[in-house]
> 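Okay, handing you the structure first.
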Amino acid sequence: MKKIIYIVALVLLVTGCSKKDGTITCTSTSTPNEEVKLKSTYIITYKNNYVTRLKTTEIITVKDKSNIETYKDVLENSYKEYNKIKYYSNVISVEDNNLISSTIINYDKINTNKLIKLDKNNQSIIKNKKVAVDDIKNIYVKNGCKCK
């Protein structure tokens with residue numbers, strides 16, 4: 001029996017207890033005001049505890065559809081410079097009263113220095129040209145997401 005416990009302990013020590021590769025999904029829903037509802041989904045794919053790909057889907061649902069084009073223009077302008085970076089893609093669409101913003105970032109290939117140059121706040125999660133999965137997950141949790 002002692003031998004089995006020793007082997008299990010040794011295996012855990014050598015391989016570690018945490019999963020190094022996988023996917024985490026973080027979601028949140030909020031209502032900034034009675035006219036707008038925001039639902040966000042972040043799918044984090046990682047390998048060796050570093051983010052390889054991030055897919056973000058944000059759905060803004062508005063009661064008054066006449067304002068949706070204004071929201072769309074604001075979002076398009078905010079992503080305009082990011083979309084010029086290779087391996088960064090944001091697409092915005094409108095379906096009924098929903099404004100859908102979908103972003104994909106390939107962290108394996110993207111020039112992280114360009115991300116930092118566009119917004120110095122990116123420096124807080126990009127270290128040595130990589131994003132640690134725990135760092136990005138902690139940011140989402142602090143902002144009210146539930147992650148699985």
Side-chain angles (χ1 to χ4, degrees), residues 9-148:
L10 184 63
V11 168
L12 287 175
L13 182 65
V14 171
T15 62
C17 297
S18 64
K19 191 174 181 184
K20 292 183 177 191
D21 301 345
T23 303
I24 297 172
T25 301
C26 299
T27 58
S28 73
T29 303
S30 64
T31 309
N33 61 54
E34 54 189 50
E35 297 293 317
V36 177
K37 180 179 179 183
L38 176 62
K39 180 180 181 187
S40 302
T41 304
Y42 308 97
I43 301 171
I44 307 162
T45 305
Y46 61 98
K47 185 172 184 161
N48 295 323
N49 293 322
Y50 288 101
V51 178
T52 57
R53 184 176 188 265
L54 176 64
K55 181 178 182 192
T56 302
T57 304
E58 296 174 315
I59 302 171
I60 300 170
T61 304
V62 296
K63 282 188 178 179
D64 184 0
K65 191 176 177 178
S66 65
N67 294 328
I68 209 159
E69 286 302 317
T70 303
Y71 289 116
K72 183 179 180 197
D73 290 344
V74 169
L75 277 177
E76 285 176 339
N77 282 331
S78 67
Y79 286 107
K80 187 177 182 179
E81 293 303 312
Y82 281 98
N83 275 332
K84 293 178 182 178
I85 301 173
K86 196 172 181 178
Y87 305 111
Y88 188 104
S89 170
N90 174 266
V91 177
I92 298 169
S93 60
V94 175
E95 295 175 14
D96 299 322
N97 286 29
N98 297 310
L99 178 64
I100 303 161
S101 173
S102 299
T103 304
I104 297 175
I105 306 169
N106 183 337
Y107 279 106
D108 272 347
K109 297 181 179 182
I110 198 164
N111 182 333
T112 54
N113 290 329
K114 288 183 179 181
L115 292 175
I116 294 169
K117 186 176 180 183
L118 277 179
D119 184 350
K120 297 285 183 210
N121 290 322
N122 287 322
Q123 210 166 349
S124 67
I125 62 166
I126 299 171
K127 297 172 185 126
N128 297 321
K129 300 184 180 188
K130 293 183 179 186
V131 176
V133 70
D134 289 340
D135 290 347
I136 199 162
K137 180 183 170 189
N138 289 336
I139 289 171
Y140 291 142
V141 169
K142 285 180 184 175
N143 287 317
C145 287
K146 295 191 187 307
C147 297
K148 298 178 187 178

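In this chain, residues are counted from 1 in sequence order. Quick caveat: nothing in here was measured; it's all calculated off a predicted structure.
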> When the ring planes of Tyr79 and Tyr88 are compared, do they come out parallel, tilted or perpendicular, using 30° and 60° as the limits?
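Judged by the thresholds at 30° and 60°, the geometry between Tyr79 and Tyr88 is tilted.
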> Please report the interatomic distance CG(Leu99) to CD1(Ile59), rounded to the nearest 0.5 Å.
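The distance works out to 10.0 Å.
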> Within this structure, what is the OG-CD distance for the pair Ser78 and Glu81, rounded to the nearest 0.5 Å?
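The CD atom of Glu81 is 11.0 Å from OG of Ser78, to the nearest 0.5 Å.
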> Is it true that atom NZ of Lys37 has more than 12 heavy atoms of other residues, nucleotides or ligands lying nearer than 6.0 Å?
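Counting other residues, nucleotides and ligands, NZ of Lys37 stays at 12 neighbours or fewer.
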> I need the Asp108 CG to Lys130 NZ distance, nearest 0.5 Å.
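Answer for the CG-NZ pair, Asp108 versus Lys130, is 8.5 Å.
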> Any heavy-atom pair between the side chains of Leu38 and Thr31 that's under 4.5 Å?
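In short, these two side chains do not touch, never coming nearer than 4.5 Å.
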> Side chains of Thr23 and Ile43, heavy atoms from C-beta outward: is any pair under 4.5 Å?
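Thr23 vs Ile43: side chains touch.
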> So which atom in Asp21 and which in Lys47 form the shortest heavy-atom distance, rounded to 0.1 Å?
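Scanning both residues completely, I find the closest heavy atoms to be OD1-CA, 3.2 Å.
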> Are any of the side-chain heavy atoms of Thr56 and Thr41 separated by less than 4.5 Å?
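Contact flag for Thr56/Thr41 side chains = no.
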> Output yes when a side-chain donor or acceptor of Asn111 lies under 3.5 Å from a complementary backbone atom of Asn113, and no otherwise.
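Confirmed, Asn111 side chain pairs with Asn113 backbone.
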> Looking just at side-chain N and O atoms, do Asp119 and Asn121 make a donor-acceptor pair shorter than 3.5 Å?
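Asn121 and Asp119 do have a side-chain donor-acceptor pair below 3.5 Å.
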> Check Thr57, Thr27, Thr29, Ile60 against Lys39 for a side chain to side chain contact (heavy atoms under 4.5 Å, CB included) and give me the one that passes.
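When Thr57, Thr27, Thr29, Ile60 are each tested with Lys39, the side chain to side chain contact (heavy atoms under 4.5 Å, CB included) holds only for Thr29.
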> Could you give me the CA-CA distance, side-chain angles and deciding distance for Tyr42 and Ile136, then say whether side-chain contact (heavy atoms from CB on, under 4.5 Å) is met?
CA-CA 10 Å; Tyr42 308 97; Ile136 199 162; over 6 Å; no
> How far apart are the closest heavy atoms of Asn83 and Asn90, and which atoms are they?
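Nearest pair, atom of Asn83 first, then Asn90: OD1-N, 2.7 Å.
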> If you measure from NZ on Lys72 to OG on Ser93, what distance do you get to the nearest 0.5 Å?
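Lys72 atom NZ to Ser93 atom OG measures 8.0 Å (nearest 0.5 Å).
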> Enter the distance from Lys120:NZ to Asn122:CG here, rounded to the nearest 0.5 Å.
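Those atoms lie 10.0 Å apart.
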> For Cys26 and Cys147, what are the C-alpha separation, side-chain angles and deciding distance, and is it a disulfide bond (SG atoms under 2.5 Å apart)?
CA-CA 4 Å; Cys26 299; Cys147 297; 2.1 Å; yes
> On a heavy-atom basis, which atom in Lys65 and which in Val62 lie closest, and how many Å separate them?
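Taking every non-hydrogen atom into account, CA-CG2, 4.2 Å.
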> Compare all side-chain heavy atoms of Val133 with those of Ile24 and state whether any distance is below 4.5 angstrom.
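Counting from C-beta outward, Val133 and Ile24 do come under 4.5 Å.
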> Does any non-hydrogen side-chain atom of Lys148 lie less than 4.5 Å from one of Lys146?
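Lys146 vs Lys148: side chains apart.
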> Which heavy atom of Ser28 sits nearest to which heavy atom of Gly144, and what is that distance?
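Looks like CB-O, 3.9 Å.
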> Ignoring hydrogens and geometry beyond distance, is a side-chain donor-acceptor pair present between Asn97 and Thr61 at under 3.5 Å?
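Their side chains do not contain a donor-acceptor pair, so the 3.5 Å distance test is not met.
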> Please confirm whether the backbone N or O of Tyr87 pairs with a side-chain atom of Asn106, one donor and one acceptor, at under 3.5 Å?
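No, the answer is negative, given that no donor and acceptor are paired below the 3.5 Å cut-off.
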> Are Ile110 and Lys86 side-chain neighbours, meaning at least one heavy-atom pair lies under 4.5 Å?
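Not in contact.
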> Of all heavy-atom pairs between Glu34 and Lys63, which one has the smallest distance, and what is that distance?
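Closest approach of Glu34 to Lys63, heavy atoms only: O-CE, 3.2 Å.
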> In the structure I gave you, are the side-chain heavy atoms of Leu75 and Asn77 within less than 4.5 Å of one another anywhere?
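SC-SC contact between Leu75 and Asn77 ruled out.
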> Can you spot which of Tyr46, Tyr107, Tyr50 makes a side chain to side chain contact (heavy atoms under 4.5 Å, CB included) with Val131?
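Single side chain to side chain contact (heavy atoms under 4.5 Å, CB included) partner of Val131 among Tyr46, Tyr107, Tyr50: Tyr107.
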> Under 4.5 Å between any side-chain heavy atoms of Ile126 and Leu115, yes or no?
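Heavy-atom side-chain distance check passes, below 4.5 Å.
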> So does Ile100 get a backbone contact from the side chain of Asn98, meaning a donor-acceptor N/O pair under 3.5 Å?
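Side chain of Asn98 to backbone of Ile100, a donor-acceptor pair under 3.5 Å: no, none is there.
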> How many angstroms lie between CD in Glu69 and CG in Asn67, if you round to the nearest 0.5 Å?
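Rounded to the nearest 0.5 Å, the CD-CG separation comes to 10.5 Å.
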